[in-house]
Structures are given as C-alpha cells and as structure tokens.
Amino acid sequence: MTTIRLTNTKARRKEVFEPIDPTKVRMYVCGPTVYDRAHIGNARPVIVFDVLYRLLRHVYGADHVTYVRNFTDVDDKINARAAEMKAAGDTRPLEAIIRALTDETIGWYHADMDALGALRPDREPRATEWIGAMIAMIEDLIGKGHAYAKEGHVLFRVRSYEGYGQLSGRSVDDMIAGARVEVAPFKEDPMDFVLWKPSSDELPGWDSTWGRGRPGWHIECSAMSRELLGESFDIHGGGIDLQFPHHENEIAQSMCAHPKGGFAKVWMHNEMLQVEGKKMSKSLGNFFTVRDLLDQGHPGEVIRFVYLGTHYAKPMDWTEEKARQAEATLRKWRGLVAGIEPAPSPAPSVIAALADDLNTAGAIAELHALAGAGDTAGLKASAALLGLLDETMGGWAEVRGANADAAALIDELLAARANARKAKDFARADALRDGFAAAGVIVKDTPQGAEWELAPDFDPAKLEALR
RNA sequence: GGCGGGUUGGCGGAGAGGUUACGCAGCGGAUUGCAAAUCCGUGAAGACCGGUUCGAUUCCGGUACCCGCCUCCA
C-alpha cells in the first residue's frame with residue numbers, strides 16, 4: 001500500500017499517515033460561513049483537500065473514506081447581511097431573509113466549487129441542523145466544569161484545559177500579555193470564549209436552559225465532527241488563519257467533552273493566497289470571488305491548475321500570467337488525451353509525489369514527464385488524481401465547430417491560398433494567412449496539408465470578407 | 001510586543017548533503033517561400049553573513065526583507 005506522509009501542524013513535522021481504521025478514513029475540513037460568494041482565497045482549502053480526498057480514496061478505496069465539510073449558517077455576519085437587506089426594503093421577516101440568504105449562498109458555493117472540479121464531500125452539515133448536538137455538548141462541558149453560564153451566555157473556561165495553546169504554539173499567559181482581548185463583564189477570564197450567546201427575538205434562536213440563543217462558532221465544528229465522524233478521527237483541515245483561535249478552541253472543547261477520544265489525529269493547514277503579490281483586499285481593488293474569475297473567462301480547470309502549482313503549505317500568488325500559462329498547458333494536454341482511454345491506474349511517480357505531503361507541484365512536473373514521453377493514457381489517468389483533464393470539465397478547451405457553410409468557405413480559401421503559394425503569389429497567400437488569423441481561424445500547415453480549427457473569437461463576417 | 005511561514009535561474013516553482021528538476025520566456029537548429037504550429041538542442045539559480053562537513057542551494061545560528069496569526073475576514 002502507498003505510504004502517505006503529511007505535515008501534521010500539531011506535531012510541526014511530516015509524519016507517516018496511519019489511519020485509525022484503514023477501512024474508515026475520516027476527514028473534517030472547516031467550510032464557509034454562508035453570507036456571500038466565496039472569494040478565491042476560500043477556494044484554496046477546497047482544492048487542496050479535494051486532492052487529498054482523491055488520494056485517500058485512491059489508496060484506501062472510495063468506500064472507505066468519509067469527508068465532512070460544514071456550512072456555518074448561523075453567524076453575526078449573516079445576521080448583519082440580512083439586516084442590510086431588510087433595511088433596503090425586503091419585507092420578509094428577518095428569519096425568512098436569513099434562510100433565503102443562506103440557501104442561496106450554499107447554492108452559489110456548490111456551483112462555484114463544482115466548477116473548480118472539487119468533489120462534493122460525503123457530508124455537508126449545516127450548523128442549524130445540529131443545534132441539539134451543540135446544546136448537549138455545552139451541557140456536558142458545564143457538567144464537567146469546563147464551562148459556565150452567566151447572563152444568558154455560556155463560556156468555555158480556558159484555564160480548565162491544560163493543553164490550550166498547544167496547536168498554535170502559544171501559552172495562555174503570552175496571549176493575554178499582547179493582547180487586545182475583549183473583557184466582557186460576564187467572563188471569568190479574558191481568554192474564555194463563547195459557546196452560547198443570547199439571541200434577540202427577531203434573530204434566529206433556539207431554546208435552551210440558558211434562555212433563547214444561538215451557538216458560538218467554535219462549538220459547531222466540535223459538535224458536528226463528533227456526530228458525523230466520532231470522538232476521534234484522522235484528519236482535520238483548514239486555512240492557517242483558522243489555527244488560532246478556531247482550531248485551538250475546537251480542540252479544547254472536544255478534548256474536554258471526550259477526554260478519551262483524542263479528537264483529530266492529524267491537523268493540516270493551507271497557507272494563504274495573495275493576488276499579484278499583494279494581500280487580497282477590497283480597498284486594493286484586487287478582491288475577487290471565484291465567480292468573478294469564472295465570469296472573466298478563466299475556466300475552473302485553469303484556476304484549479306494554478307492553485308495546484310504551489311505547495312499548499314506555502315503562500316500562493318494568483319496572477320494573470322499564471323492563468324495564461326496554465327491554460328496553455330491544459331489546452332496542450334487536452335489535445336494529447338482527447339479520445340484516449342485512460343490507463344487503469346495513475347502513474348507511480350504521480351502517486352508518489354502526492355503521497356509526499358501532497359506535493360501537487362511535483363505531481364504536475366511528473367505529468368509533464370508523462371506528456372513528454374508520449375504516455376497519454378498514463379497522463380490522463382494520473383491527471384484524474386489531481387482532478388484535471390476530466391471529460392466533464394473540458395468544455396472550455398473544445399474547439400468550436402464551424403457550420404457547413406463556414407467550413408466550406410474555409411476549405412475554399414485554404415485552397416486559394418495553396419494555389420497562390422504554388423503560383424508564388426506570396427502577397428495574396430500572406431494576406432489570406434493574416435485574414436484567417438484576424439477572423440479567428442487557426443491554420444496549421446503540416447506536411448500532409450493545412451489543418452484548421454476555430455479560436456474562441458471566430459468571426460464569420462471577417463472570414464466572408466476574405467473572398 | 002508575542003507566535004509562525006517564506007526568500008531558488010528573466011518569470012513561475014519542486015526535490016535532494018555531492019550527480020539534468022520541471023514549465024513559461026530566451027537563444028541555436030530542423031521544417032517553411034517567410035511565418036505560425038511542431039520537433040531537437042541549449043545558457044541561466046539558490047537574499048546576506050557566519051558555522052558544521054572532504055563537500056551545502058539542501059543541516060545549524062544570526063541579519064535583512066516579505067507575509068500571516070494574536071480582532072468569530074480561508
């Protein structure tokens with residue numbers, strides 16, 4: 001069996017991956033808060049962990065891997081966005097607006113991530129559907145002395161968990177020292193974080209022994225991973241920005257609620273994304289959603305290829321130049337594998353690269369080697385492990401067919417050009433050549449004669465003008 | 001201030017203590033009436049300063065610069 005090595009953020013080193021149960025490999029990745037379109041930074045963990053999911057399925061069998069990614073659909077930002085909509089004239093009750101907003105956003109998320117070639121996780125729990133489990137977990141934590149209720153809030157007693165700070169490498173005292181920590185009056189300690197908070201009448205809320213309220217962000221992932229994957233599972237992933245406080249808090253909650261479970265065995269964090277060398281931000285004007293890039297004409301497969309060109313643990317830069325190169329490479333490869341039956345399994349070199357801490361850039365180099373060696377069947381099978389060159393994603397690279405009239409005209413003009421060349425009327429021949437290019441007809445001269453295909457900007461009127 | 005990541009050839013970007021990364025661009029050649037496409041070949045690197053070593057871009061330390069987190073922004 002393939003040996004997979006992964007960098008475990010918690011251990012701060014690369015480790016051999018040994019699933020708790022090889023017949024039931026379990027992975028949890030933090031999903032989006034659904035109040036707006038996913039931006040291109042949100043897409044990075046989706047693509048990274050999609051490749052890991054594919055690799056795990058390849059190594060352990062598709063039926064032996066469970067991938068869970070949540071939707072956070074109860075959150076202050078969602079409430080704020082819904083309030084904006086109401087202020088802008090939406091007459092529905094706030095809860096109805098919120099439901100419509102989160103439903104629509106989830107639909108967008110699915111469409112956008114599908115376009116990037118990401119497989120849907122096995123389970124995509126919505127936080128609002130697991131409130132009961134969250135309340136039960138909070139009650140359990142209170143019962144064990146790790147949490148306390150005060151003024152309608154429930155807070156986690158950070159000092160009660162001695163391992164707090166281990167994942168992110170911080171001590172509680174350091175954190176307090178440097179810190180702009182909100183010291184709410186109901187907190188015993190400044191570091192304590194919210195498990196449950198009160199909700200106003202018009203905002204979404206659930207009844208509990210602490211009054212009507214809603215869960216804090218961190219408890220969602222602890223409760224849902226417990227319900228769907230158990231008290232211990234193999235991999236927990238997410239962006240490095242979530243390492244603290246979100247993942248640290250998840251660990252504290254889960255380890256205190258289920259001391260024997262161990263929670264996630266391996267923690268993986270992807271580094272962040274920049275745009276043209278700068279942090280993506282609305283003020284710099286370099287803020288893009290995935291949908292923006294798709295609408296600009298960047299095919300999802302091209303976006304995916306750009307992301308896979310940089311190792312997940314390194315900062316990645318999105319640039320137009322990279323997109324251009326990725327598109328050219330994929331177009332070339334798609335030409336090579338068109339109509340080819342993929343090999344029964346991916347090339348060992350590609351598997352080896354991915355098994356070495358998800359070295360996607362190395363895997364792409366191996367794909368180049370396969371393409372160079374003419375192993376198109378191997379290329380196709382291996383690219384599939386990266387979610388590339390899939391039949392269903394290739395629409396963008398397909399050459400547009402010409403209708404019969406246009407095809408006949410192109411053939412006629414090509415014949416005219418051949419005659420002009422034969423007659424050494426190079427002015428006429430070159431005029432036709434330039435005309436084809438301007439009309440969006442790509443002509444390739446081969447020893448067997450001229451071949452042609454249509455570019456995306458094919459213009460029949462310009463072609464007609466060449467007569 | 002605390003914690004963490006990064007710095008590789010013109011550009012992007014990997015691995016490995018000693019032997020070609022790879023891709024794009026460039027250059028040379030084949031092919032072509034000239035091109036395009038294609039094919040063949042090729043130069044070019046390791047932020048800076050020390051240390052360990054027979055030998056370091058690869059290990060260790062320091063410096064500079066960049067980035068992230070410490071604020072429920074992936």
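If you're wondering where the values come from, they're calculated on a predicted model, not measured in any experiment. Lettering of chains follows the sequences in order, A, B, ..., and the numbering in each one begins at 1.
Residue-level contact check: Lys197(A) touches the bases, meaning some heavy atom is under 4.0 Å from a base atom. Using a 4.0 Å heavy-atom distance criterion, Gly41(A) is classed as a base contact. Heavy atoms of Asp445(A) sit under 4.0 angstrom from at least one base atom. Within 4.0 Å of Ile442(A), counting heavy atoms only, lies no atom of the nucleic acid at all.
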Using a cutoff of under 3.5 Å, can you pull out all pairs of nitrogen or oxygen atoms linking the protein to nucleotides 31-33 of chain B, with atom names and distances?
| from | atom 1 | to | atom 2 | distance (Å) |
| --- | --- | --- | --- | --- |
| rG33(B) | O6 | Asp430(A) | OD1 | 3.4 |
| rG33(B) | N1 | Asp430(A) | OD1 | 2.9 |
| rG33(B) | N2 | Asp430(A) | OD2 | 3.0 |

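Residue Ala365(A) places its side chain closer to rA21(B) than to any other of rG23(B), rA74(B), rA21(B). The side chain of Thr310(A) approaches rG13(B) more closely than any other nucleotide in the set rC72(B), rG13(B), rU7(B). When distances run from any side-chain atom of Phe244(A) to the nucleotides rC69(B), rA14(B), rC73(B), the shortest one goes to rC69(B). Each of rG23(B), rG68(B), rC72(B) was ranked by its minimum atom distance to the side chain of Met272(A); first place goes to rG68(B). Across rA74(B), rC22(B), rA37(B), the shortest atom-to-atom separation from the side chain of Lys444(A) is found for rA37(B). Distance from the side chain of Lys314(A) is smallest for rG6(B) among the nucleotides rG6(B), rC73(B), rC22(B). Comparing rA74(B), rA14(B), rC22(B) against the side chain of Ala361(A) picks out rA14(B) as the nearest.
For the OP1/OP2 pair of rU38(B) and a distance below 4.0 Å, the side-chain nitrogens and oxygens of Lys332(A) include no atom meeting the criterion. The side chain of Ser168(A) places no N or O atom within less than 4.0 Å of a non-bridging phosphate oxygen (OP1 or OP2) of rC3(B).
Enclosure of atom CD in Glu15(A) by more than 12 non-hydrogen atoms of other residues, nucleotides or ligands within 6.0 angstrom is indicated.
A donor N or O paired with an acceptor N or O is found under 3.5 Å between the base of rA74(B) and the side-chain atoms of His39(A).
The closest side-chain heavy-atom distance from Trp206(A) to Trp196(A) is below 4.5 Å. Between Asp234(A) and Val266(A) there is no side-chain heavy-atom pair separated by less than 4.5 Å.
Between Glu366(A) atom CD and rG23(B) atom C1' there is a gap of 13 Å when expressed in whole angstrom units. Atom CH2 in Trp333(A) sits about 14 Å away from atom P in rC22(B), given to the nearest Å. Note: CD (Glu248(A)) to P (rU71(B)) measures 13 Å, nearest angstrom. Going from atom CG of Leu367(A) over to atom P of rG13(B) covers 18 Å, rounded to whole Å. We find that CE of Met191(A) is positioned 11 Å from P of rC70(B), with the value rounded to whole Å. As a whole-Å value, the separation of Phe436(A) CZ from rC34(B) P is 20 Å.
For the residue pair Tyr148(A) / Asp192(A), a side-chain donor-acceptor distance below 3.5 Å is found, with atom types taken as modelled. For the 3.5 Å distance criterion, the side chains of Asp36(A) and Trp108(A) fail to qualify, holding no donor opposite an acceptor. Between the side chains of Asp357(A) and Tyr312(A), at least one donor N or O lies within less than 3.5 Å of an accepting N or O. Glu248(A) and His218(A) form no side-chain donor-acceptor contact under 3.5 Å, judged by distance and modelled atom types alone.
Between Phe233(A) and Tyr28(A), the ring planes lie tilted relative to each other; the angle falls in the 30° to 60° range.
You'll find the ring centres of Phe287(A) and His39(A) inside the 6.0 Å limit.
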Next on the checklist: Taking Watson-Crick (N1-N3 plus N6-O4 or O6-N4) and G-U wobble (N1-O2, O6-N3), each under 3.5 Å, can you produce the dot-bracket string of RNA chain B? Use [ ] for crossing pairs and | for inter-strand ones.
Outcome noted: (((((((..(((.....[...))).(((((.......)))))....(((((..]....))))))))))))....
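In this structure, Ala313(A) and Met280(A) both approach RNA chain B, and ranking their closest nucleotides by distance from the 5' end singles out Ala313(A). Of the two residues contacting RNA chain B, namely Asp317(A) and Gln325(A), the nearest-nucleotide position lying further toward the 5' end is that of Asp317(A).
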